[in-house]
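Chain naming here is simple, since letters A, B, ... match the order of the sequence lines and numbering starts at 1 in each. Predicted model only: the values in this text are computed from it and were never measured.
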There are 2 protein chains.
Amino acid sequence: MTQQESKILSKCPAEIALKIINGRWKLLILKELFSGTKRFNELQRALSGVTQKVLTQQLRELESDGIINRTVYPEIPPKVEYSLTALGDSLKPLTEVMHDWGINQTKQF
Amino acid sequence: MTQQESKILSKCPAEIALKIINGRWKLLILKELFSGTKRFNELQRALSGVTQKVLTQQLRELESDGIINRTVYPEIPPKVEYSLTALGDSLKPLTEVMHDWGINQTKQF
DNA sequence: CCGTATCCCTAGGGATACTG
DNA sequence: CAGTATCCCTAGGGATACGG
């Protein structure tokens, strides 16, 4: 779902944020990119278990939602770097709140 | 997905929060309950478009995740009230951050 | 190295009808 | 009023294989 589609379907602005970060690997991708630009391979290694197809898919969605930049270096072998846009950076407080909330839940057990 | 299952599958605490609020109507249900206890019917009217089955489903999930209380009054006709637990209340800051983020995105167009 | 192309499978959620 | 019970349909993701 693109950001534009989200806006149309959402009955509440909060749902826009939800739809953008919703995806099996998106929070983990964001987490990686908060610490700096990463190559495709670095991401794949960090997100153990993700397949190439799915990682590509999730990255493309984040890209079309304006959250990340994709930079291709026309070399052999190919090199592609991913980084956060300003919009992507602006998600950091949100993920931190979510993180803290999750931590507190875990503690109760 | 229950909260317990979420914890097992999550590789990051933030994902726990995500999974709990993830659902077609959950943010909207929370929004309603932030303003106080509501009856089933009130919720259904507020969330225009939701079917009884789905609303029941989403409420049950929130209940089993410890986010809301379900109180049954054994009357005729039946009366069931839903309210937030302390844990549910603790989600308010999170939803506010999401809301504000969504608002800002909307403004750009 | 960084992707596409297929195929497949499941869970989430919608429509509709029935009930204590 | 507040639910179940069915049936169905789609999108998200996973496995695997191939390509520039």
Side-chain angles (χ1 to χ4, degrees), chain A residues 1-6 8-11 15 18-29 32-33 37-65 68-83, chain B residues 1-6 8-11 15 18-29 32-33 37-65 68-83:
Chain A
M1 163 123 21
T2 69
Q3 197 182 350
Q4 288 308 314
E5 290 168 324
S6 301
I8 293 162
L9 291 173
S10 297
K11 307 192 177 188
E15 297 191 291
L18 178 58
K19 283 172 186 159
I20 287 179
I21 60 175
N22 193 18
R24 178 72 182 80
W25 303 95
K26 290 188 184 171
L27 280 175
L28 299 172
I29 292 171
E32 290 304 313
L33 296 186
T37 297
K38 293 276 162 64
R39 295 188 58 170
F40 184 89
N41 242 354
E42 290 182 278
L43 289 174
Q44 192 174 13
R45 256 178 286 118
L47 280 54
S48 71
V50 72
T51 62
Q52 286 183 329
K53 182 203 132 184
V54 173
L55 178 54
T56 304
Q57 216 171 248
Q58 306 258 316
L59 288 168
R60 290 289 193 282
E61 289 175 16
L62 288 172
E63 189 192 1
S64 77
D65 280 339
I68 63 175
N69 293 125
R70 178 171 181 269
T71 314
V72 182
Y73 297 88
E75 309 170 353
I76 304 290
K79 173 178 168 185
V80 181
E81 284 187 345
Y82 293 92
S83 59
Chain B
M1 164 123 22
T2 68
Q3 197 183 347
Q4 287 309 317
E5 290 169 324
S6 301
I8 293 162
L9 291 173
S10 297
K11 307 190 178 191
E15 296 192 292
L18 178 59
K19 282 172 186 159
I20 287 179
I21 61 175
N22 192 20
R24 178 72 182 78
W25 303 97
K26 290 188 183 173
L27 279 176
L28 299 172
I29 291 171
E32 290 304 314
L33 296 186
T37 296
K38 293 277 160 62
R39 295 189 55 170
F40 185 88
N41 241 358
E42 291 182 278
L43 289 174
Q44 193 174 13
R45 257 178 285 118
L47 280 54
S48 72
V50 72
T51 61
Q52 286 182 330
K53 182 203 131 183
V54 172
L55 178 54
T56 304
Q57 216 171 246
Q58 306 258 315
L59 288 168
R60 291 288 194 281
E61 289 175 15
L62 288 172
E63 190 192 1
S64 76
D65 280 340
I68 64 175
N69 292 125
R70 179 171 180 268
T71 314
V72 182
Y73 297 87
E75 308 170 353
I76 303 288
K79 174 177 165 184
V80 180
E81 284 187 344
Y82 293 91
S83 60

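Here D:dT4 is the nucleotide among D:dT4, C:dG3, D:dA15 with the atom lying nearest to any side-chain atom of B:Thr56. Counting only heavy atoms from C-beta on, A:Lys53 has its side chain closest to C:dT4 among D:dG20, C:dT4, C:dG14. In the set C:dC2, C:dT16, D:dT4, C:dC2 carries the atom at the smallest distance from any side-chain atom of A:Arg39. Residue B:Arg24 has its side chain nearest to C:dG14 when only C:dG14, D:dA2, D:dG14 are considered. If you check C:dG3, C:dA17, D:dC1 against the side chain of B:Gln52, the one that comes closest is C:dA17. Taking only side-chain atoms of B:Val80, from C-beta outward, the nucleotide of D:dG20, D:dA2, D:dG13 with the closest atom is D:dA2. For A:Arg60, whose side chain is taken as the heavy atoms from C-beta onward, the closest listed nucleotide among C:dG3, C:dG14, C:dG20 is C:dG3.
Counting to the nearest Å, the P atom of C:dG13 and the CG atom of B:Leu55 are 12 Å from each other. Taking atom CD1 on A:Ile29 and atom P on D:dG12, their separation rounds to 15 Å, with Å as the unit. Rounded to whole angstrom, the span from the CD atom of B:Glu63 across to the C1' atom of D:dA2 amounts to 14 Å. Distance, B:Phe40 CZ to D:dA2 P: 7 Å, rounded to whole Å. In this structure, B:Leu47 places its CG atom 11 Å from P of C:dG14, rounding to the nearest Å. Residue A:Leu27 contributes atom CG, which lies 16 Å from atom P of D:dG12 at whole-angstrom precision. Protein atom CD of A:Glu15 is 14 Å distant from nucleotide atom C1' of C:dG13, rounded to whole Å. Residue B:Glu81 contributes atom CD, which lies 9 Å from atom P of D:dA2 at whole-angstrom precision.
Nearest-nucleotide assignment on DNA chain D puts the 5′-proximal partner with A:Gln57, out of A:Gln57 and A:Pro78.
Counting heavy atoms from C-beta on, the side chains of B:Arg39 and B:Gln44 never come closer than 4.5 Å.
Of all heavy-atom pairs between B:Lys19 and B:Ser10, the closest is NZ-OG, 3.3 Å. The two atoms that bring A:Glu15 and B:Arg24 nearest to each other are OE2-O, 3.7 Å, heavy atoms only.
Checking the phosphate oxygens (OP1, OP2) of C:dC2, no side-chain nitrogen or oxygen of A:Arg45 falls inside 4.0 Å. Between B:Trp25 and C:dG12, a side-chain N or O to OP1/OP2 separation shorter than 4.0 Å is absent. Checking the phosphate oxygens (OP1, OP2) of D:dC1, no side-chain nitrogen or oxygen of B:Tyr82 falls inside 4.0 Å.
Nucleic acid contact class of B:Gln44 (heavy atoms, under 4.0 Å, all strands): none. Using a 4.0 Å heavy-atom cutoff across all strands shown, B:Gln58 reaches sugar-phosphate atoms only and no base atom. Looking at heavy-atom distances under 4.0 Å, A:Tyr73 makes no contact with the nucleic acid at all.
Remark: B:Thr37 OG1 to B:Ile68 CD1 distance equals 11.0 Å, nearest 0.5 Å. Atom CD of A:Glu42 and atom OH of A:Tyr82 lie 12.5 Å apart (nearest 0.5 Å).
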Go through B:Trp25 and A:Lys11 one step at a time and tell me if the side chain to side chain contact (heavy atoms under 4.5 Å, CB included) criterion holds.
CA-CA 10 Å; B:Trp25 303 97; A:Lys11 307 192 177 188; 3.8 Å; yes
